[in-house]
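Counting starts at 1 for both ligands and their atoms, following the listed order. Computed from a prediction, not measured in an experiment: that's the story for all the values here.
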Amino acid sequence: MRDFGYTLETAMADVIDNSVTAKASKVEILAETATDEPWIAIVDNGAGMTEPELIEAMRPGTKNPLQEREGHDLGRFGLGLKSASFSQCRQLTVITRKDGLTSAATWDLDKVAKTNDWRVDLEDNLTDIPGVSRLPETGTIVLWRKLDRLSTNFRHDTTKRSAEINKAISGAERHLRLCFHRYMEGSKPALRILLNERKLSPIDPFATDHPATQPGPEEPLPLLNGEVVTQCFTLPHHKMMSKSEWENLGGG
Ligand SMILES: Nc1ncnc2c1ncn2[C@@H]1O[C@H](COP(=O)(O)OP(=O)(O)OP(=O)(O)O)[C@@H](O)[C@H]1O
Ligand SMILES: [Mg+2]
């Protein structure tokens, strides 16, 4: 489960998919790297979960891929939260609040290995969990600790390890700006994503708003279960763009 081929950015995007499905309008990525026990938290203000919902959510393969889902639901396999998290860390804690009740549960892969038992831990004492004070009135925090995959080289050097993790996080930024650009666009965006308090701006890979972009006609593609609309965009010549616009679109 730890090696499905995620990178930090695709793992973060899978966790944010769940926030979008939970109708969050704000997702905050927080990272504390300059410590002996670095952590990353993804905090959303979505619908949150009750304790039974949380326990179900922690189950690997919680939903059948064939099950009908609501149109806005980006999930499919009932696996993303766990597989994405374990690709980056050995300890996953989910803290969530709904209807005024807060619940938290942890998977610690070291404990699973030691006891040879997949038994999720429910947390009674929430105060010591890093980032917990950031939990909104309703919403969810996905907290990654024991970041063994993000700090492979400098396990005993806090400063270098911190620099290594920070570099990986800033490398993930562009992917998130691209991946969720449709949600992040407009004067009243459906979703705001903040990285350590800084709001990320969307990157539209089609440069739709650029005056020199040439949009093609919309073409419907009828399929068995509905229609997919396709549209071609011819991107502007690089001389028509500023350096930053060109770099945002992939450069080179
Ligand atoms: N941030 C969140 N807010 C509210 N509910 C959540 C959140 N994250 C996960 N859940 C709940 O946990 C369930 C399991 O999430 P998980 O990502 O493992 O699977 P999925 O989203 O159903 O499918 P996929 O494997 O395609 O991601 C979700 O279906 C949802 O009910
Ligand atoms: Mg998911």
- Can you tell me the protein heavy atom closest to atom 18 (O) of ligand 1 and the distance? K82 NZ, 2.7 Å
- Task: To the nearest 0.5 Å, tell me how far K26 NZ sits from R192 CZ.
- Result: 5.5 Å
- Query: Non-hydrogen atoms of G78 versus ligand 1: any pair closer than 4.0 Å?
  - Reply: yes
- Ion pair K146/D108, N-O distance below 4.0 Å: yes
- Geometric class of the F206/H181 ring pair [parallel <30°, tilted 30-60°, perpendicular >60°]: perpendicular
- Note on the structure: Filtering M49, K23, K98 for the heavy atom nearest atom 10 (N) of ligand 1 leaves M49
- What's the shortest distance from atom 26 (O) of ligand 1 to any protein heavy atom, and which residue and atom give it? R76 N, 2.6 Å
- Note on the structure: Among A84, A47, A22, the residue with a heavy atom nearest to atom 3 (N) of ligand 1 is A22
- Query: Are E164 and R149 ion-paired here, with the side-chain N under 4.0 Å from a carboxylate O?
  - Reply: no
- Nearest-option assignment for atom 27 (O) of ligand 1, heavy atoms, candidates S83, G80, G61: G80
- Query: Strictly by modelled atom types, are T7 and T10 linked by a side-chain donor-acceptor pair under 3.5 Å?
  - Reply: yes
- Hey, are the side chains of R97 and E137 touching, using non-hydrogen atoms and a 4.5 Å cut-off? no
- Any N or O of F77 closer than 3.5 Å to N or O of ligand 1: yes
